[in-house]
Every structure is written in C-alpha cells, then in structure tokens.
Amino acid sequence: MLKDVFGYINEKSVVIVLVSIMLGCTSSLDNNQDDDNYSFVEIVPTFPWSNSRAISDVITEFYVTSYSGRSLKGRNIHYTYDGTAWNADRAIAWPTGSTKISFWGLSQKMDNVDEITNTTMTSTVQRFDYTCDPSNPRDLMYASTVNTTQAAQGGKVALAFNYALANPYFTCVQAIETENVTVVINEVIVHNLKTTGTFEYSKTLNSNGTWTLNNDLYANFSKVLPSPVTLNPDKVTAVTLTDKWFWMPQRPTKWTTTATTPVPITTADANHQCYVELKCKIIANGSYVWGGAAGSANEWESVYYPFGTNFNSKGYNRAIKLKFDGGYFDDGTPFKPREGSEFSIAEWIQQDVLVEHWEEMEPEDLIF
C-alpha cells in the first residue's frame with residue numbers, strides 16, 4: 001500500500017515525512033498565533049439593587065446575542081451563575097484590531113417561547129414582542145453594550161442590566177372618620193391594563209430601549225391576599241402579597257364617573273378604561289355594613305376606584321396609595337354602606353392615585 005501511494009519510497013522515509021509534516025503544521029500554528037485573534041469575551045453583568053428587585057427572584061441566568069458588523073458572533077448564549085462566577089455555554093471570540101462588536105442581553109431566552117414572540121435579532125434590528133401574563137408573573141431584565149472594541153473594553157464587557165417592566169404594589173389607608181369602623185381587604189383587581197408590546201433596543205445607547213404597546217390587547221390583574229388585611233385608621237398599610245406583580249409600562253386611560261353622571265364599569269370595560277376593584281368588608285360597631293361573615297355568600301363585596309397612574313417609566317417599583325374613604329358601586333354611583341348603618345361616607349373625591357418610590361415606604365410596611 002505504501003508503495004502504491006508513495007511510489008518506491010520505503011516505509012522509514014514515509015514515517016519521517018509524515019512526522020515532519022505534523023511538526024511543521026504545529027510549528028506553523030504556534031508561530032502564527034496572535035493572542036488577540038484567539039482571545040475570548042468575558043461578560044461582566046451588573047444588576048440594580050444588589051442583583052434583585054425588591055420582590056423579584058435573584059437573577060441566576062441570562063442570554064446574550066452578539067454581532068460584529070454583519071457577522072453573527074453568538075445567539076442565545078446561555079450564562080448561568082454557580083454562586084461564585086458566571087459561566088457561558090459557548091464562547092464569543094473578539095474580532096481583530098479595531099473591528100466593532102455589539103452585545104445584547106436578556107434575562108429570558110431570545111426566542112419565540114413563553115412570553116417572548118416575533119424576535120428579530122440581526123446586525124441592524126434588535127427587538128421582540130412581550131406579553132405580561134397575569135397568571136404567570138415574571139420579571140424581565142435587559143442590557144446592551146453596542147459598537148465597542150476589545151481595546152475599549154479591556155477584554156471585559158460590562159452588561160448593565162435594567163428592568164423592563166413596571167413593578168407596582170398597593171398601600172391603603174383607612175380614612176373613614178367615624179369611630180369603631182373596621183375595613184378588611186381580601187383581594188385587589190386592576191382592570192383593563194395593556195398586556196403586550198414590542199421592545200426595541202437602542203442602536204446607539206447602552207442598556208437602553210423603548211416600548212411600543214399594543215392598543216388592542218388588555219387584561220385584568222388580580223391578586224387574592226394570603227390573608228385578609230385590616231386597614232388601620234390614618235396609617236398606611238401595605239396590601240401584602242406572596243407572589244409578584246409585573247405590568248407593561250403604561251399610563252392607563254382612567255375610568256371617569258360622577259354622582260351626577262354615573263358611568264357603569266361595563267362601559268369602562270368596553271372602552272378599556274382602568275379602575276381598581278377592592279373586595280372587602282366593613283364592620284361598624286360590631287355589625288357588617290358591607291360584606292358579611294366568614295364563609296357567607298357575600299363575605300367580600302366590591303368597591304371601585306378610577307385608576308390612571310403613570311407607569312410609563314420602565315423599571316420602577318411603584319407604591320400606589322389608596323385612600324379608603326369612599327369609592328363607587330359597579331353602576332358608577334358613589335359608594336355608601338347599606339341603609340340602616342350607623343355611619344355614612346362622604347362622596348369620594350376623584351383624583352389620581354398617589355405614586356411613590358418603594359424606598360419611601362415606612363420601614364414597618366411590607367412590600368408585595
């Protein structure tokens with residue numbers, strides 16, 4: 001066989017030739033290797049509020065897509081945290097010299113799965129559609145470093161993650177002036193919020209982007225409290241939940257109703273106008289004047305409030321403070337306890353619900 005391949009060269013010569021070729025190839029690779037050409041990107045993520053939102057899960061994974069010019073360097077590269085370091089399932093090689101490269105990160109996989117659909121991640125367009133599912137609340141974080149080089153980054157790419165969704169929670173204060181009145185809340189429902197939008201990364205700014213919301217898709221976000229909350233007179237009480245509440249950033253269209261021109265919530269629903277429904281009971285001097293005893297058919301009855309607080313700024317934790325001193329029935333007329341009760345409630349003054357940053361809550365209040 002050797003004779004057929006190499007003619008009349010003997011086997012010893014063939015071995016020498018093959019070894020020489022192998023050594024020559026190895027020597028050539030070693031001599032021509034450029035450290036810059038063979039170095040790999042190290043992603044260094046940062047997260048606001050010590051790697052977690054006030055109530056969200058600690059981030060332990062994220063995904064990265066990268067382009068250098070029109071060349072795809074990596075898609076959906078999965079980074080996981082082992083308790084001490086971030087590890088990637090694939091490596092991204094730095095482009096040579098001053099060639100620019102961009103990176104886009106997301107806390108969920110950039111694919112048409114779960115809440116994320118219609119994903120476009122190319123060298124020129126980076127966007128996806130997202131749906132907030134009321135039955136499966138999940139936080140969403142994004143980051144990007146665009147048009148950079150290895151020299152500018154020092155070999156390490158800082159991805160500064162930001163929150164993409166609004167994170168609201170409610171506080172209430174019992175403001176009924178009559179003594180010996182107890183208000184107990186069991187459920188909070190926010191009606192007619194937009195649920196779907198398109199997020200597009202900024203082409204020039206790091207860790208920035210914009211939402212464009214779908215004006216045709218709405219849903220109600222409801223939360224039953226782990227245990228009913230009794231409101232304290234003249235003291236803010238957090239309506240505490242064990243799970244999370246994430247909304248698309250938006251300013252809802254507020255339901256508007258008055259005593260002289262009542263508008264029922266059925267009309268608000270038809271027009272996608274937003275309102276808060278509190279399922280509660282009111283006890284005055286030992287008697288139920290709204291709601292009923294535990295286990296009764298009417299244990300929890302509803303009071304409604306117009307709601308139009310601005311949640312346009314993505315990423316904020318928002319405290320929504322409701323002043324329980326009235327409200328409306330579902331027909332849009334002002335709320336009043338049952339006839340025969342020993343106290344009355346003044347007509348609720350319609351106003352924007354107060355909004356605060358979560359850090360401003362009293363220390364003893366709990367966040368949901």
Side-chain angles (χ1 to χ4, degrees), residues 53 55-57 59 61-63 65 75-76 104-122 124-144 161-170 188-203 205 207-224 241 243-255 265-277 306-318 320 353 355 368:
R53 195 180 287 228
I55 62 165
S56 69
D57 295 327
I59 298 298
E61 64 176 350
F62 61 89
Y63 297 83
T65 292
R75 177 179 174 82
N76 271 328
W104 299 275
L106 201 64
S107 60
Q108 296 181 32
K109 193 172 185 179
M110 301 177 191
D111 259 329
N112 297 330
V113 294
D114 299 328
E115 297 88 349
I116 296 178
T117 57
N118 298 323
T119 303
T120 301
M121 296 298 292
T122 68
T124 56
V125 177
Q126 304 84 38
R127 64 172 174 245
F128 57 87
D129 290 350
Y130 191 85
T131 299
C132 288
D133 184 355
S135 64
N136 182 34
R138 295 180 67 185
D139 208 348
L140 180 68
M141 301 185 73
Y142 69 97
S144 64
F161 278 83
N162 290 323
Y163 295 111
L165 304 177
N167 173 213
Y169 62 94
F170 281 84
V188 180
I189 307 171
V190 183
H191 293 258
N192 302 318
L193 289 174
K194 296 177 183 179
T195 59
T196 302
T198 300
F199 184 86
E200 184 162 359
Y201 287 90
S202 171
K203 291 177 171 55
L205 300 176
S207 296
N208 210 312
T210 56
W211 281 108
T212 302
L213 299 193
N214 187 319
N215 294 321
D216 297 322
L217 298 176
Y218 293 79
N220 303 331
F221 288 73
S222 62
K223 295 291 184 183
V224 176
L241 294 178
D243 58 358
K244 310 163 185 63
W245 215 344
F246 299 112
W247 299 346
M248 301 297 295
Q250 61 190 283
R251 179 159 197 158
T253 300
K254 183 171 62 176
W255 169 47
I265 61 171
T266 52
T267 300
D269 292 338
N271 295 323
H272 304 305
Q273 295 172 345
C274 192
Y275 56 94
V276 175
E277 176 182 357
F307 180 64
T309 296
N310 186 2
F311 283 90
N312 260 337
S313 297
K314 56 185 177 294
Y316 282 105
N317 296 50
R318 294 285 191 174
I320 307 166
V353 182
V355 177
F368 74 83

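Only this structure's heavy atoms are used, side chains among them; waters, hydrogens and symmetry mates stay out. We count residues from 1, following the sequence as given.
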Q.
Below 30° counts as parallel, above 60° as perpendicular, anything between as tilted: where do the rings of Trp247 and Phe307 land?
A. perpendicular
Q) So, do Tyr142 and Phe161 have ring centers that fall under 6.0 Å from each other? A) no
Q.
Nearest 0.5 angstrom please: Tyr218 OH to Asn192 CG, how far?
A. 8.0 Å
Q: Please report the closest heavy-atom contact between Pro134 and Ala219, naming both atoms and the distance.
A: CG-CB, 3.9 Å
(Q) Using every non-hydrogen atom in the two residues, find where Tyr63 and Met110 come nearest and quote the distance to one decimal. (A) O-CE, 3.6 Å
Q.
Test of understanding: with side-chain hydrogen bond (donor to acceptor under 3.5 Å, both in side chains), list the residues that count as partners of Asp216, not counting sequence neighbours.
A. none
Q: Please report the closest heavy-atom contact between Trp245 and Ser222, naming both atoms and the distance.
A: CZ2-N, 4.3 Å
**Q.** Minimal non-hydrogen separation, Gln250 against Leu213, with atom names
**A.** CB-CD1, 3.6 Å
Q: Could you list the residues that satisfy side-chain contact (heavy atoms from CB on, under 4.5 Å) with Lys203, not counting sequence neighbours?
A: Glu200
Q: Calculate, to the nearest 0.5 Å, the distance between atoms NZ and CZ belonging to Lys194 and Arg251 respectively.
A: 12.5 Å
Q) For the atom pair CE (Met121) and CZ (Arg127), what is the distance rounded to the nearest 0.5 Å? A) 11.0 Å
Q.
Would you compute the distance between atom CG of Asn220 and atom NE2 of His191 and round it to the nearest 0.5 angstrom?
A. 5.0 Å
Q.
If I compare all heavy atoms of Leu193 with all of Cys274, which pair ends up nearest, and what's the gap?
A. CD2-SG, 3.9 Å
Q) What distance separates Leu217 CG from Thr195 OG1, expressed to the nearest 0.5 Å? A) 5.0 Å
Q. Roughly how far, to the nearest 0.5 Å, is the CG atom of Leu165 from the CZ atom of Phe199?
A. 9.5 Å
